[in-house]
Amino acid sequence: YKYFNCYEELLGKYQNKKIVLVEIGVLNGGSLQMWKEYFGDNARIIGIDSNDEVKKLKKYGFEIFVGDQSDPIFWKNFFDKVGKIDILIDDGGHTNIQQIVTLTSCIQNINDNGMIVIEDTHASYMKNFNNPNKYSFINFMKKTIDDLNSKFPNLKKFKYSLSDYIYSIIFYESIVGIKINRKRCEENRKVNNK
């Protein structure tokens with residue numbers, strides 16, 4: 001129940017807008033139908049799963065792709081076909097590599113004022129996901145906070161940076177929301193007070 005409140009805060013502004021939403025992890029299709037009802041008829045809803053059975057959802061009018069979210073080549077081919085999107089919801093495999101590769105492969109293909117939502121980030125603390133681990137998704141996001149703050153003048157810049165895409169990050173229990181807006185990611189300039 002509490003996750004509905006998170007989603008309302010993160011995605012409410014997109015209702016009844018012409019958007020492209022992609023959800024990873026859709027095997028039975030219930031969430032795709034829910035998003036279609038929530039966002040309205042102007043929304044283009046696309047599902048991704050690693051299981052071929054998901055293709056059956058095409059009969060309900062959804063675009064469906066089968067692939068491995070931890071494969072950057074899958075993402076390149078996907079965006080070559082689909083183009084840029086507005087919202088990405090990752091409810092896929094929840095491993096560190098899946099969540100990190102999905103974020104880093106997709107971020108440049110999210111339109112400004114778009115959003116990436118990563119679900120089930122509690123996996124970063126669970127033994128059956130080989131965590132806690134310094135390479136967990138949550139630790140990657142902690143480093144991303146440092147990356148965003150490196151925009152301030154005279155701070156050390158990151159070799160690999162997402163700070164030209166990410167305007168802000170919102171953390172909830174088990175969910176991370178990432179707001180994309182390149183125009184708002186300008187480097188901070190010092191202002192002298194005279």
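Below, all heavy atoms of this structure are taken into account, side chains as well, without hydrogens, waters or symmetry copies. Not measured: the values here are computed from a predicted model.
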Would the number of heavy atoms belonging to other residues, nucleotides or ligands and lying under 6.0 Å from CG of D41 be above 12? no
Is any side-chain heavy atom of W75 closer than 4.5 Å to a side-chain heavy atom of I48? yes
Over 12 foreign heavy atoms within 6.0 Å of OH, Y60: no
Which pair of heavy atoms, one from K36 and one from A43, lies closest together, and at what distance? NZ-O, 2.8 Å
Side chain to side chain donor-acceptor pair (under 3.5 Å) evaluation trace for S31 with E23: CA-CA 8 Å; S31 58; E23 183 176 25; 2.6 Å; yes
dist L103:CG -> Y165:OH (nearest 0.5 Å) comes out at 11.5 Å
Would you check, one step at a time, whether the test side chain to side chain contact (heavy atoms under 4.5 Å, CB included) holds for I19 with I87? CA-CA 8 Å; I19 60 159; I87 300 169; 3.7 Å; yes
Under a plain distance cut-off of 3.5 Å, with no hydrogens placed, do Y38 and E8 share a side-chain donor-acceptor pair? yes
Using a strict 4.0 Å threshold on nitrogen-to-oxygen distance, state whether D112 and K183 make a salt bridge. yes
In Å and rounded to the nearest 0.5 Å, what is the CD1 to SG distance from I85 to C106? 6.0 Å
Do we see a donor-acceptor contact under 3.5 Å between the side chains of N96 and N130? no
Inspect the surroundings of NZ in K134 and state if more than 12 heavy atoms from other residues, nucleotides or ligands are less than 6.0 Å away. no
Do you know which two heavy atoms are closest between N131 and S136, and how far apart they sit? OD1-CB, 3.4 Å
Salt bridge present between K143 and D147 (N-O < 4.0 angstrom): no
Value for CG (D146) from CG (L155), rounded to nearest 0.5 Å, stands at 10.0 Å
Indicate yes or no for a side-chain donor-acceptor contact from D49 to the backbone of V26 under 3.5 Å, with no hydrogens or angles considered. yes
Side chain to side chain contact (heavy atoms under 4.5 Å, CB included) evaluation trace for V101 with D71: CA-CA 7 Å; V101 168; D71 180 1; over 6 Å; no
Transitively linked via ILVMFWY side-chain contacts under 4.5 Å: Y14 with I110? no
K151/D164 salt bridge by N-O under 4.0 Å criterion: yes
Can you tell me how far CH2 of W35 sits from CD1 of I45, rounded to the nearest 0.5 angstrom? 9.0 Å
Exercise: identify the closest heavy-atom pair between I118 and Q99: CG2-NE2, 3.6 Å
Can you tell me how far CD1 of I107 sits from OG1 of T102, rounded to the nearest 0.5 angstrom? 12.0 Å
Is it true that F62 and F78 fall in one hydrophobic cluster, defined by side-chain heavy atoms closer than 4.5 Å? no
Backbone N or O of T95 within a donor-acceptor pair of the Q98 side chain at under 3.5 Å? yes
For side chain to side chain contact (heavy atoms under 4.5 Å, CB included), just list the numbers for I24 and I89, CA-CA rounded to whole Å, side-chain angles, deciding distance to a tenth of an Å, and then say yes or no. CA-CA 6 Å; I24 307 160; I89 299 173; over 6 Å; no
Kindly give the heavy-atom pair with the smallest separation between V176 and I138, and that separation in Å. CG2-CD1, 4.2 Å
I175 vs V117 side-chain heavy atoms within contact, under 4.5 Å: yes
Quick one about E119 and Y3 (side-chain donor to acceptor, distance below 3.5 Å, no hydrogens or angles considered), yes or no? no
Side chains of Q69 and D90: any donor to acceptor distance under 3.5 Å? yes
Contact between L27 and E53 at the side-chain level, heavy atoms closer than 4.5 Å - yes or no? yes
Report yes if the side chains of Y172 and E9 come closer than 4.5 Å at any heavy-atom pair, otherwise no. yes
Could you measure the distance from the OH atom of Y167 to the NZ atom of K179? Nearest 0.5 Å is fine. 8.0 Å
Mind checking whether L10 and I170 have side chains closer than 4.5 Å, heavy atoms only? yes
Give a yes or no on this: more than 12 heavy atoms of other residues, nucleotides or ligands lie within 6.0 Å of atom NZ of K56. yes
Under 4.5 Å between side-chain heavy atoms, counting indirect links through other Ile/Leu/Val/Met/Phe/Trp/Tyr residues: same cluster for V82 and L21 or not? no
Within a strict 4.5 Å, meaning less than it, do heavy atoms of the F137 and T121 side chains meet? yes
With a 4.5 Å cut-off on side-chain heavy-atom distances among I, L, V, M, F, W and Y, is there a chain of contacts connecting Y160 to Y135? no
Tracing side-chain links under 4.5 Å among I, L, V, M, F, W and Y, which residues wind up in one group with M126? F129
Can you tell if the side chain of T144 reaches within under 4.5 Å of the side chain of I169, non-hydrogen atoms only? yes
Say whether L88 and I166 are linked into one hydrophobic cluster, either directly or through other cluster members, by side-chain heavy-atom distances under 4.5 angstrom. yes
Side-chain donor or acceptor of K17 paired with backbone N/O of F39 under 3.5 Å: no
Report yes or no: does N51 contribute a side-chain atom to a donor-acceptor pair with the main-chain N or O of V54 at less than 3.5 Å? no
State, with a plain yes or no, whether a side-chain heavy atom of I46 is found less than 4.5 Å away from one of F65. yes
